[in-house]
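Values below: all heavy atoms of this structure, side chains included; hydrogens, waters and symmetry mates excluded.
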2 protein chains.
Amino acid sequence: MDSIQVGDFKFRLDLSKPLYEQVLQHIRQTIARGDVLLGTKLPSVRDLAHQLKLNPNTVMRAYQELDRYHLTETRRGQGTFITSDSETVELVKKALAREAVIAFVSSMKNLGIDRSTTESLLKEVAWHE
Amino acid sequence: MDSIQVGDFKFRLDLSKPLYEQVLQHIRQTIARGDVLLGTKLPSVRDLAHQLKLNPNTVMRAYQELDRYHLTETRRGQGTFITSDSETVELVKKALAREAVIAFVSSMKNLGIDRSTTESLLKEVAWHE
DNA sequence: TAAGTGTTACATTTGATATAATACACTTAA
DNA sequence: TTAAGTGTATTATATCAAATGTAACACTTA
């Protein structure tokens, strides 16, 4: 387990994708899953960068992206906080789910696999909740 | 419609992903869907490169990847041909489908969405076969 | 032999990513 | 008032994958 816990957030980074994107996704998932209280303060840019051994600019980029989703609110001089609006979280969660579903259906259609076959395949996959 | 037809193959390229990967995927899909006869000759590297306005090396990379899947067989001096072994095509198709399903389930789990909710979402998506 | 194939090998360019270092702006608490 | 802790911005640099440009080589077929 080469994952790093920083405050309420857990990170496991690799080289498969841009680092700023992975940081963004980890935090976004933590929020969407409800694994952290709304209103919680994120680690400071410098702190997270130091603990993940990343450049502050890289973390900044992830945080700004979160702000753009309105999943966080940044208060200059204070820090970046998870939104307290549960509705926003729910909307983002639904949007991400919808994106995933659409991308998935698209892949299956591209392969020429029909709906019922897709549903069968889905049933074959273990789903440890 | 900014897609380009070259022989039996249709391509629509953008900047979202590496070009060689898009070329690979288009051809792979065409084969997997059964939209082209087994044994068919692919456009020559130079020809496809010219028509798609790509560098021959970029097309080469896609073709070599296809060979690695055994979806094509390359005969030096003759060209690159789609395999005549339908079983190979079927195996690759299943492998790709499986990958897609696993990736999808993983996304949904990361969002904290359970199986039945996922199945419901899937039903909401239009599926023009 | 010539034309059409795939193949290989460079050098080069480009763009995204990431780092490094520094300075600035704001908030909070000592 | 000050110091420490926040986010923010800027500029330069480094790195890597992707893509291009160019050229040559090897093989097959007509």
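For DNA chain C, the residues of residues 65-75 of chain B within the heavy-atom distance limit of 4.0 Å (strictly under) are B/Thr74, sorted by number. Listed by residue number, A/Pro18, A/Leu19, A/Tyr20 are the residues of residues 8-31 of chain A with a heavy-atom contact under 4.0 Å to DNA chain C.
Atom CG of B/Leu122 is separated from atom CZ of A/Arg115 by 6.0 Å, given to the nearest 0.5 angstrom. Separation of atoms OH (A/Tyr63) and OG1 (A/Thr74) is listed at 9.0 Å; rounding is to 0.5 Å.
Each of B/Arg46 and A/Lys53 lies near DNA chain C, and the nucleotide nearest B/Arg46 is the one positioned closer to the 5' end. Taking for each of B/Asn57 and A/Gly77 the nucleotide of DNA chain D with the nearest heavy atom, the 5'-most of the two is the partner of A/Gly77.
The backbone N or O of B/Gly7 sits less than 3.5 Å from a side-chain atom of B/Gln5, completing a donor-acceptor pair. Between the side chain of B/Arg33 and the backbone N or O of A/Lys109, at least one donor-acceptor pair lies under 3.5 Å. Checking side-chain atoms of A/Ser106 against main-chain N and O of A/Ile102 turns up no donor-acceptor pair under 3.5 Å. A side-chain donor-acceptor contact under 3.5 Å links B/His26 to the backbone of B/Gln22. Between the side chain of A/Thr72 and the backbone N or O of A/Asp67 there is at least one donor-acceptor pair closer than 3.5 Å.
If you measure from atom CG of A/Asp47 to atom C1' of D/dA4, you get 14 Å, rounded to the nearest angstrom.
With a heavy-atom cut-off of 4.0 Å to chain A, the contacted part of DNA chain C has its first and last nucleotide at C/dT17 to C/dT28.
Using the Watson-Crick or G-U wobble rule with both distances under 3.5 Å, C/dA23 pairs with D/dT8.
Applying side-chain contact (heavy atoms from CB on, under 4.5 Å) to A/Met108 and the options A/Asp114, A/Thr117, A/Thr118 leaves one that passes, A/Thr118.
Here B/Arg61 lies in heavy-atom contact (under 4.0 Å) with sugar-phosphate atoms only.
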